[in-house]
A.B. asks: 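Here's a structure for you.
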Amino acid sequence: MADIFSELEGLGISQDTDKEIFESNAKNAEVKKTKTLPKAKQLTPEQILFTAKMTCPVCKKEVEFRAVKSGKARLMKTELDLRPIYTILDPSMYEVVCCNNCGYAALKKDFTSLSPKKIDIIKKKVSPNYLGRNYPDIYSYDNAIERYKLALYDAMITDAKDGEKAYLCLRIAWLYRGSYESDENLSPEKKNDLVSNEKVFLAHALEGFKQAHYKEGFPIAGMDEVTLKYLIGELCRRQGNYEEASRWISEVIVAKGSNRRLKDKAIEVKELIKNSKNNRQNEQTDVDEK
Ligand SMILES: [Zn+2]
């Protein structure tokens with residue numbers, strides 16, 4: 001468990017916690033359309049980023065962070081696990097606000113809504129050890145992953161909802177994917193490391209979303225029930241749990257009132273599951289015949 005936070009040692013955060021990301025009931029739970037973009041002059045990341053400010057709810061200091069100007073990066077497509085792909089840069093890299101004074105970090109939309117009890121926990125359990133880091137104006141994937149992991153760590157320490165923690169895990173997995181996809185010069189070993197980290201965080205996201213589905217009211221991490229079922233199904237498929245993936249995805253296909261785009265994706269996932277099952281059976285037959 002603690003291995004996933006090794007980067008945080010550089011921030012002074014000890015990995016020595018007996019917390020798990022998802023504590024309770026672990027056992028009991030069980031657009032690919034590319035838009036044609038109008039030809040506009042290509043902006044650079046520097047041109048669409050700016051420095052924004054918020055007041056930290058824990059230490060009351062002013063926190064500066066880099067943010068993306070709205071509407072500048074355009075959505076090109078959405079991958080099957082709902083990861084959005086944008087032009088110019090990956091805006092999700094800039095969605096965690098991190099207070100360099102006290103070590104409190106959270107998604108920008110959640111940053112100021114922290115209960116007095118949770119403020120107290122951050123003050124006692126995070127701030128005393130936190131060393132801080134000055135991030136560059138343009139974040140590397142490593143910078144973004146570190147910020148998200150601090151947000152996840154803080155969410156664990158303060159017992160945030162499983163849905164919130166699962167969403168952070170999903171975002172971290174996407175950042176690992178972005179990290180190896182954006183670097184053609186990676187050594188095979190480094191790429192394998194990043195792929196296996198992506199898998200670890202997709203597995204955590206799946207576990208947390210399943211628990212949230214059984215325990216929490218909707219919306220969960222901004223998703224309605226049918227979208228969450230779809231995502232759980234696709235994450236099961238990515239883990240090779242084809243039977244379970246089929247059950248979730250079938251529910252999406254027959255759901256009334258879900259949007260066409262999601263149903264189309266569900267049909268695509270169903271087809272992939274069918275192919276993967278056939279391949280697995282063929283491999284099994286080959287082994288039996290040998
Ligand atoms: Zn602070």
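Index from 1, following the sequence. In this text, all values refer to a predicted model and were calculated from it rather than measured experimentally. Order of appearance sets the numbers: ligands from 1, and atoms from 1 within every ligand.
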A.B. asks: After noting the C-alpha distance and the side-chain angles of R147 and Y139, does the key distance pass the side-chain contact (heavy atoms from CB on, under 4.5 Å) rule?
C.D. replies: CA-CA 10 Å; R147 293 168 72 88; Y139 301 158; 3.3 Å; yes
A.B. asks: Holding to side-chain hydrogen bond (donor to acceptor under 3.5 Å, both in side chains), I want the full list of residues that pass it with S250, two or more places apart in sequence or in another chain.
C.D. replies: none
A.B. asks: Closest heavy-atom contact between K108 and A67?
C.D. replies: NZ-CB, 4.2 Å
A.B. asks: Under 4.0 Å between a Lys/Arg side-chain N and an Asp/Glu carboxylate O for E244 and K210?
C.D. replies: yes
A.B. asks: Which pairs would a plain distance check flag for residues 217-233, meaning a side-chain donor or acceptor within less than 3.5 Å of a matching protein atom at least two apart in sequence or in another chain?
C.D. replies:
unit_1 : atom_1 : unit_2 : atom_2 : d
D224   : OD1    : T227   : N      : 2.9
D224   : OD1    : T227   : OG1    : 2.5
E225   : OE2    : H213   : NE2    : 3.2
K229   : NZ     : E251   : OE1    : 2.6
Y230   : OH     : L80    : O      : 2.6

A.B. asks: Return a table of donor-acceptor pairs under 3.5 angstrom between the side chains of residues 52-62 and protein atoms on other chains or two or more places apart.
C.D. replies:
unit_1 : atom_1 : unit_2 : atom_2 : d
K60    : NZ     : P57    : O      : 3.2

A.B. asks: With a cut-off of 2.8 Å, which protein N/O/S atoms are close to the Zn ion (ligand 1), if we only count those under it?
C.D. replies: C56 SG, C59 SG, C99 SG, C102 SG
